[in-house]
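Structure record follows, encoded as structure tokens.
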Number of protein chains: 2
Amino acid sequence: MTGQVGGTRESGRARTIPEATVARLAVYLRILSGLGDRQGERESTISSDELARSAGVNSAKLRKDLSFLGTYGIRGVGYDVGTLTEEISRTLGAHRAHRVALVGLGNLGQALAGYPGFAGRGFVISALFDADPGRIGVEVAGHRIQHIDDAIAVCRSSGVTIGVIATPASAAQEVAEALVAAGVRSILNFAPGILTVPDDVEVRHVDLSLELQILAFHESRRVADLPDGTRPEPPRSEPLGPDGLRSAEPSARVATAFPTKSITEAVAVRS
Amino acid sequence: MTGQVGGTRESGRARTIPEATVARLAVYLRILSGLGDRQGERESTISSDELARSAGVNSAKLRKDLSFLGTYGIRGVGYDVGTLTEEISRTLGAHRAHRVALVGLGNLGQALAGYPGFAGRGFVISALFDADPGRIGVEVAGHRIQHIDDAIAVCRSSGVTIGVIATPASAAQEVAEALVAAGVRSILNFAPGILTVPDDVEVRHVDLSLELQILAFHESRRVADLPDGTRPEPPRSEPLGPDGLRSAEPSARVATAFPTKSITEAVAVRS
DNA sequence: AATTGTGAACGTATTCACAGCG
DNA sequence: CGCTGTGAATACGTTCACAATT
């Protein structure tokens with residue numbers, strides 16, 4: 001929320017790093033990491049322009065981002081891949097393994113438990129929790145699911161620092177409180193809805209239906225506004241329908257309030 | 001990327017709506033929708049302050065957000081829940097059902113197929129695609145998985161407007177191109193890595209490992225700030241564990257480059 | 001000659017604070 | 001009197017453009 005995230009380093013630069021930059025550093029790191037073994041040749045440097053293109057940003061932004069880490073580039077040459085990787089890695093805390101507790105093992109939770117991006121980048125799943133008695137004891141991704149009521153003890157004793165919530169929305173707040181009580185200060189929340197936590201707890205919220213609605217907004221804008229044929233109504237279309245059948249379906253109108261509330265499965269309810 | 005998203009309405013206000021506002025409108029809408037039937041009583045108005053609190057934003061921001069839709073509040077009173085719901089809904093295109101194609105039915109894809117947030121908010125899954133021959137024909141969430149090569153024909157004829165990519169990273173670009181060829185202009189991408197698409201295609205990227213890394217960064221900052229300590233070693237323990245149990249594990253050091261590249265499952269590779 | 005690092009300009013988003021209105 | 005709507009102030013983020021540097 002602050003937009004600026006602090007930290008002090010012994011020697012030189014790097015005082016605070018903007019949030020937006022932190023997110024991109026992770027992207028750069030992924031690209032740099034992939035570079036290492038992908039290129040058979042030993043490419044040891046990369047220019048801001050090249051890296052920026054791979055990351056889908058412009059090079060000025062990239063250079064400014066990197067400048068928050070200190071001065072690691074070589075003018076006229078570029079950045080040493082090894083050094084840069086190391087530096088970003090250090091900054092992001094990617095040197096350490098972080099122990100993760102995953103709460104809620106419905107469809108989504110199970111998918112997350114097996115997600116290579118978790119295990120593959122220094123995130124170690126240390127515990128799985130659920131409230132459903134039918135799930136307790138079941139093994140998923142090499143871990144036995146434990147009851148959420150044991151979360152405090154288990155997380156504390158195993159040093160969990162990151163919690164992932166993949167429960168229905170109705171359980172999320174409660175789970176968050178348990179995680180906080182267990183000393184977890186970083187939470188990744190997949191359940192819809194706001195989580196209320198102490199100020200020193202960092203919450204990131206991934207809201208799938210929100211993303212879809214943002215897309216839907218843009219989608220609607222496309223076809224809206226036909227005052228003067230701005231949109232060439234181009235490639236798509238097809239014998240899509242009788243009258244200028246819109247991409248969206250006007251007939252299948254959707255209630256504004258959410259319809260069924262049918263908890264088809266675990267994962268996340270409502271919305 | 002413009003930060004401002006356009007649209008014209010016949011009568012009055014609403015010219016362009018900031019991206020940040022669009023995202024929050026979806027949040028407000030969810031809250032308003034939930035309000036309807038949850039409160040037994042017929043609460044017909046809500047103040048900016050109340051709604052803002054539910055949404056986790058401050059009330060000035062909320063009012064400014066709503067002001068982009070037009071003037072629907074009543075001074076001294078608040079907003080009529082019904083009107084406001086309707087207005088936001090219209091703006092977000094939530095009146096229409098949007099047809100969604102989901103590509104990649106590994107763990108994550110299957111979880112998404114059953115996700116209530118998709119079906120529950122006007123998003124209709126119309127087709128499922130995969131490239132794995134072993135999955136073709138399998139039924140998931142009431143749909144038979146089809147081969148990705150058929151995506152163009154199927155999406156066109158069924159009027160799909162939104163594509164969701166839940167394949168491994170290696171397949172994502174190719175899939176995106178197929179979707180674009182099929183006329184899809186809105187893509188939600190769960191695969192890590194950049195997607196290159198034409199300018200008029202809107203891509204939203206959900207990157208799970210990125211989120212974790214951002215959390216890890218903050219996690220590291222918590223314990224960092226040692227006067228000199230090169231190796232950020234012992235995070236001051238909290239009222240955490242018994243002995244000085246560290247939040248992050250210094251021993252289980254993690255390679256900078258990604259380790260195995262083991263494509264454990266579908267979902268998304270590397271990172 | 002090529003490429004970094006960065007101050008200054010610009011654009012976007014948030015917050016303040018209060019006039020205007022029901 | 002309470003609450004909205006919004007201009008003005010501020011904070012944040014991106015882009016420009018060029019001097020510094022290898």
Side-chain angles (χ1 to χ4, degrees), chain A residues 1-6 11-28 32 43-81 83-84 87-88 91 214, chain B residues 1-7 12-28 32 43-81 83-84 87-88 91 214:
Chain A
M1 280 53 169
T2 5
Q4 209 100 142
V5 203
S11 57
R13 258 324 93 60
R15 212 80 320 163
T16 82
I17 303 183
E19 274 291 343
T21 292
V22 172
R24 285 189 300 262
L25 286 176
V27 173
Y28 307 151
L32 289 167
E43 189 65 79
S44 60
T45 68
I46 189 169
S47 69
S48 62
D49 205 60
E50 200 179 339
L51 181 50
R53 201 161 13 244
S54 307
V57 303
N58 82 26
S59 67
K61 179 145 59 183
L62 179 129
R63 289 199 301 277
K64 183 141 287 195
D65 283 341
L66 296 185
S67 76
F68 289 105
L69 308 190
T71 299
Y72 297 107
I74 306 152
R75 289 169 195 243
V77 178
Y79 299 86
D80 177 77
V81 172
T83 309
L84 192 53
E87 247 1 275
I88 297 178
T91 302
I214 294 168
Chain B
M1 277 31 182
T2 3
Q4 210 101 139
V5 205
R13 254 330 86 61
R15 210 84 319 167
T16 84
I17 303 184
E19 274 292 343
T21 293
V22 172
R24 286 189 299 263
L25 286 175
V27 174
Y28 307 151
L32 289 168
E43 188 63 82
S44 59
T45 68
I46 189 169
S47 70
S48 64
D49 206 58
E50 199 179 339
L51 182 50
R53 199 158 18 243
S54 307
V57 303
N58 81 26
S59 67
K61 180 144 63 181
L62 178 131
R63 289 198 301 277
K64 182 142 288 190
D65 284 341
L66 295 185
S67 77
F68 288 106
L69 308 189
T71 299
Y72 297 106
I74 306 152
R75 286 167 196 244
V77 179
Y79 299 86
D80 178 77
V81 172
T83 309
L84 192 53
E87 245 6 272
I88 297 179
T91 302
I214 294 169

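Chain A is the first sequence line, chain B the second, and so forth, proteins listed ahead of strands; every chain is numbered from 1.
Where B:Asn58 and A:Ala60 each meet DNA chain C at their nearest nucleotide, the meeting point lying more 5' is that of A:Ala60.
Protein atom CG of B:Asp65 is 13 Å distant from nucleotide atom P of D:dT6, rounded to whole Å. Between B:Arg53 atom CZ and D:dC3 atom C1' there is a gap of 13 Å when expressed in whole angstrom units. Computed from coordinates, the B:Arg24 CZ to C:dA13 P distance equals 9 Å when rounded to whole Å. Remark: P of D:dC3 and OH of B:Tyr79 are 12 Å apart, rounded to the nearest angstrom. One atom, CG of B:Leu84, and another, P of D:dT4, lie 11 Å apart when rounded to the nearest Å. Rounded to whole Å, atom P of D:dA9 lies 12 Å from atom NZ of B:Lys64. Regarding B:Glu19, its CD atom lies at a distance of 8 Å from the P atom of C:dA13, rounded to whole Å. Atom NZ of A:Lys61 and atom C1' of C:dT12 are 12 Å apart (whole Å).
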Do any N or O atoms of the protein come closer than 3.5 Å to N or O atoms of nucleotides 18-22 of chain C, and which pairs are they?
{"unit_1": "C:dG20", "atom_1": "N2", "unit_2": "B:Arg75", "atom_2": "NH1", "d": "3.4"}
{"unit_1": "C:dG20", "atom_1": "N3", "unit_2": "B:Arg75", "atom_2": "NH1", "d": "3.0"}

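In this structure, B:Asp65 does not pair ionically with B:Lys61, as no charged nitrogen and carboxylate oxygen lie closer than 4.0 Å.
When every heavy atom of B:Val57 is checked against every heavy atom of B:Arg24, the shortest pair comes out as CG1-CD, 3.9 Å. Residues B:Thr16 and B:Phe68 approach most closely at O-CD2, 3.5 Å, considering heavy atoms. Minimum interatomic distance between A:Ala52 and A:Ser59 (heavy atoms only, all atoms of both residues): CB-CA, 3.6 Å. Shown here for B:Ile88 and B:Leu25, the closest heavy-atom pair between the two residues is CG2-O, 3.5 Å.
One finds a side-chain N or O of A:Ser48 lying less than 4.0 angstrom from the OP1 or OP2 phosphate oxygen of C:dT4.
When side chains are defined from C-beta on, B:Leu66 counts as touching B:Tyr79, because their heavy atoms get closer than 4.5 Å.
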